[in-house]
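Below is one structure, written out as structure tokens; the observations come after it.
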Amino acid sequence: VAKSNGRNTYQVYEAWMNEHHREALTIEQHLRQAIEKNEFEIYFQPKMDFSSERIKSMETLLRWKNPILGNVQPDKFIPIAEETGLIIKIDEWVLEQARRQNKEWNDARLTDPLRIAVNISALHFRLPNFVSLVEDTLKKTGLAPELLEIEITESSFIDNIDECINSLTKLRNMGVFVAIDDFGIGYSSLNYLRKFPISSLKIDRSFIQEIAENQEEIAIVRAMIYLSHELNLRVVAEGTETKEVIELLRELGCNEVQGYYVSRPVPKQEFEKIVRRINGD
Ligand code: C2E
Ligand code: MG
Ligand code: MG
Ligand code: MG
């Protein structure tokens with residue numbers, strides 16, 4: 001009985017794998033042409049700075065609409081883009097769009113200069129030529145380096161710590177900001193935080209969303225904020241969905257909040273309206 005059970009389980013697993021694999025292949029095929037076919041769009045989500053009550057920066061979030069697959073969520077296609085290496089071209093495309101858009105806003109004086117953050121996959125960050133790509137991007141038009149921020153996750157640091165420090169140091173010397181994204185859920189060694197020349201931490205939303213109800217979670221977030229400030233890092237809270245959570249984070253000394261309460265990620269025109277409304281210019 002055990003044997004046949006085992007086989008059944010295996011068959012179910014195999015069917016699931018096949019299905020899963022087929023779906024991934026379909027996504028990959030369409031993803032290969034998504035840039036050429038103009039199927040990507042970048043959305044922008046503001047980060048609200050507590051000390052000034054203004055939007056000082058925003059994150060770009062990629063959106064993909066394919067005529068056959070419809071809207072595909074990043075959590076679905078980014079992992080496939082990473083597995084297939086397509087992420088490198090995609091991240092480069094996003095970086096270029098972000099640079100152009102931010103230059104346009106700054107030239108048009110939408111508000112005081114905004115910093116634009118771009119997500120870079122761990123795989124991409126670890127490539128030897130990543131830093132020179134950023135350098136080239138900045139050179140193309142004079143977007144001030146301090147108006148660009150790179151968001152990387154802790155998985156970027158799994159191997160070759162020295163290389164990472166080297167790349168981070170070059171970025172810092174160029175004046176580009178670097179944030180650790182989804183902080184707290186990955187391989188978090190307090191030791192690397194001290195060694196790495198980074199500018200901010202983004203506390204993962206799984207910690208943030210609990211703090212209104214859960215005292216222990218408040219203690220963890222408080223400790224993260226304390227530690228960051230000791231290390232001269234700014235702290236951004238991700239996934240702030242309620243006024244209550246935002247007020248709590250303000251009391252805890254968090255520097256910036258990003259989440260649905262202030263705004264969802266939105267297209268360009270809508271983002272401009274939100275900035276004008278909140279920054280009042
Ligand atoms: P992330 O960089 O941690 O981005 C934050 C995610 O949280 C976004 O999901 C955003 O829409 C969502 N979010 C923001 N505020 C809230 C909130 O208040 N509540 C909740 N529940 N969610 C909130 P999204 O846009 O689906 O992106 C998911 C992930 O995909 C990103 O996580 C990032 O890791 C990746 N990604 C998105 N765009 C790019 C890109 O251009 N390049 C790369 N390499 N990765 C990207
Ligand atoms: Mg991010
Ligand atoms: Mg995040
Ligand atoms: Mg994430």
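If you read the sequence from its start, that first residue is 1, and numbering goes on from there. For ligands, and for the atoms within them, numbers begin at 1 and follow the listed sequence.
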Counting only nitrogen or oxygen atoms and a 3.5 angstrom limit, does [X] reach ligand 1?
{"X": "Asp91", "value": "yes"}
{"X": "Arg205", "value": "yes"}
{"X": "Ile120", "value": "no"}
{"X": "Gln45", "value": "yes"}

Under 4.0 Å, heavy atoms only, figure out whether ligand 1 is touched by the backbone of Asp75, its side chain, both or neither.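 It is the side chain that touches ligand 1; the backbone stays farther off.
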For ligand 1, the portion of Gln209 having any non-hydrogen atom under 4.0 Å away: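 Contact part for Gln209 vs ligand 1: side chain (C-beta onward).
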Atoms of ligand 1 close to Glu241 [distance to a heavy atom under 4.0 angstrom, numbered from 1]: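 What qualifies from ligand 1 is 17 (C), 18 (O), 19 (N), 20 (C), 21 (N).
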In ligand 1, the atoms that come under 4.0 Å of a heavy atom of Asp181 are 1 (P), 2 (O), 3 (O)
Heteroatom test (N, O or S) for Glu238 near the Mg ion (ligand 3), limit 2.8 Å: yes
For the Mg ion (ligand 3), what is the closest N, O or S atom on Asp182?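 Nearest N/O/S atom: OD1.
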If you consider just the N/O/S atoms, which atom of Asp181 is the closest one to the Mg ion (ligand 3)? OD1
Cut-off 3.5 Å, side chains only: do Ser132 and Asn129 have a donor facing an acceptor? no
Can you find a side-chain donor-acceptor pair between Ser200 and Glu149 that sits under 3.5 Å?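 Their side chains do contain a donor-acceptor pair, which is all the 3.5 Å distance test asks for.
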